[in-house]
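Notes follow the structure.
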2 protein chains.
Amino acid sequence: MTEQMSTSTRDRLTTATAELMRAQGYSATSVKQITVAARAPMGSLYHHFPEGKPQLAAAALRTSGAAYIQLLPLLMDPYDDLRDAVPAAFDAAAEQIEQTGWINMCPVGTVAGEVADSEPGLREVAAEVIAFWIDEGTDYLTSRGLATVDARELILAILSALEGAFVLSRTLRSAEPLHAAGRAMAARVEAMVAVR
Amino acid sequence: MTEQMSTSTRDRLTTATAELMRAQGYSATSVKQITVAARAPMGSLYHHFPEGKPQLAAAALRTSGAAYIQLLPLLMDPYDDLRDAVPAAFDAAAEQIEQTGWINMCPVGTVAGEVADSEPGLREVAAEVIAFWIDEGTDYLTSRGLATVDARELILAILSALEGAFVLSRTLRSAEPLHAAGRAMAARVEAMVAVR
DNA sequence: GTCTATATGCTGATAGAC
DNA sequence: GTCTATCAGCATATAGAC
């Protein structure tokens, strides 16, 4: 009934890793930092993740990546018209990141950029996560009335613009890039529904 | 007359740093790697950059950032119509990155994502570079016939989409995100010129 | 499964001869 | 301005008691 600490050591490790990588990326995050943040001893880390830091980072990317894409329907469902839903999602992301002190919502983009040419195993995991985003996003946009080819085309542009605008907004400490990116994506939707 | 080695030690250090950060980011790039790649001894690095690695990285970001934005007019000038010029620039970037083995063209985006919440000094330098991109891009798009507000709006969306699509394309090893992002930006241009 | 103590190597940075 | 030798500290990872 109390349930005061239901999280397992393993879960605390993956969560702490995701949180730290969200702010610092992969290379700058040390296993020492992770064990302190997760209140777990070194030995537990290598018990649960025998291959060490890369394996732990992979688990963290998979978990947070799966959670991240669920925001898409959550933010867009309230709007009947896709032309309103898409920019609204960008505006919500802008508000969120501004209120949380410009920390990224998800570590996948940052880590992907870091490891794309240096850590082959992690790059593959990031690619799996992004491919999952594309598939889920395509399904969702199809359910919102787009043809499958249009849905895939649009989700690719949305994910690109969102990830890039996050980098610009975090760096500039300004929501302007996220809002501009959202309006651009609204124009893309408009062009798609206009051709019908 | 021979001039066989015109590059100074200082230039070789900044160039090597930019190249390494392009592929690995900031944290994963060690000063040892840099001195080997630049064929410069440790002492020279700390002679030219007394504040060490962060100062060297800052110089590398400024230099490569200034060179990077010059690609914009270079790629877009050949097209009379902005509606053709914008997607053509994305397609050219896609071809370039595919041919060079999916290595980033510029270290600024990757490094910015890494250091936005952890290295305040470097984050500020990255912000300066991106602000310069926005100003230069606004000027260029104004010279191509857009109103100033539209020009700024568009360059913010283009830079966001380009940086994000680079991350996706490098990670997925596919040019698809860059092409989709380019077509989305073409729709944004179309919407702007249509209102005239 | 948990935890401490420790090994080994690499990190950024410095001292000081040339 | 160049270069070598070296520092102290932190990195990842492991051994082995509990």
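Since the structure is predicted, the reported quantities are computational estimates derived from the model, not experimental observations. In what follows, chains are A, B, ... by sequence order, proteins preceding strands, each numbered from 1.
Mapping A/Gln33 and A/Pro50 onto DNA chain D via the closest heavy atom, the residue that lands nearer the 5' end is A/Gln33.
In this structure, B/Glu119 places its CD atom 11 Å from P of C/dG12, rounding to the nearest Å. Protein atom OH of B/Tyr26 is 14 Å distant from nucleotide atom P of C/dT11, rounded to whole Å. In this structure, A/Gln55 atom CD and D/dT14 atom P are separated by 12 Å, rounded to whole Å. To the nearest angstrom, P of C/dT11 lies 9 Å from NZ of B/Lys32. As a whole-Å value, the separation of B/Lys53 NZ from C/dC10 C1' is 12 Å.
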Could you run down the sub-3.5 Å N/O contacts of the protein with nucleotides 1-5 of chain D?
from	atom 1	to	atom 2	distance (Å)
D/dT2	OP1	B/Thr9	OG1	3.0
D/dT2	OP2	B/His48	NE2	3.1

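Under the 3.5 Å distance criterion, with hydrogens and angles disregarded, a donor-acceptor pair is assigned to the side chains of B/Ser27 and B/Glu114.
Residue A/Thr29 is classed as a sugar-phosphate contact, given heavy-atom separations below 4.0 Å to backbone atoms only.
Residue A/Leu20 comes nearest to A/Ala37 through the heavy atom pair CD1-CB, 4.3 Å, listed as atom of the first residue, atom of the second, then distance.
For OH of A/Tyr79, the number of neighbouring non-hydrogen atoms (other residues, nucleotides, ligands) closer than 6.0 Å is 12 at most.
Using a cut-off of 4.0 Å between Lys/Arg side-chain N and Asp/Glu carboxylate O, A/Asp117 and B/Arg173 are scored as salt-bridged.
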Please report the C-alpha distance between B/Asp150 and B/Leu154 in whole Å, then the side-chain angles of each, then the deciding distance to 0.1 Å, and finally whether the side-chain contact (heavy atoms from CB on, under 4.5 Å) criterion is met.
CA-CA 6 Å; B/Asp150 283 349; B/Leu154 181 59; over 6 Å; no
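Under the side-chain hydrogen bond (donor to acceptor under 3.5 Å, both in side chains) criterion, A/Asp135 pairs with no residue, sequence neighbours left out.
Between B/Tyr46 and the phosphate of C/dT14, there is no side-chain N or O to OP1/OP2 separation shorter than 4.0 Å.
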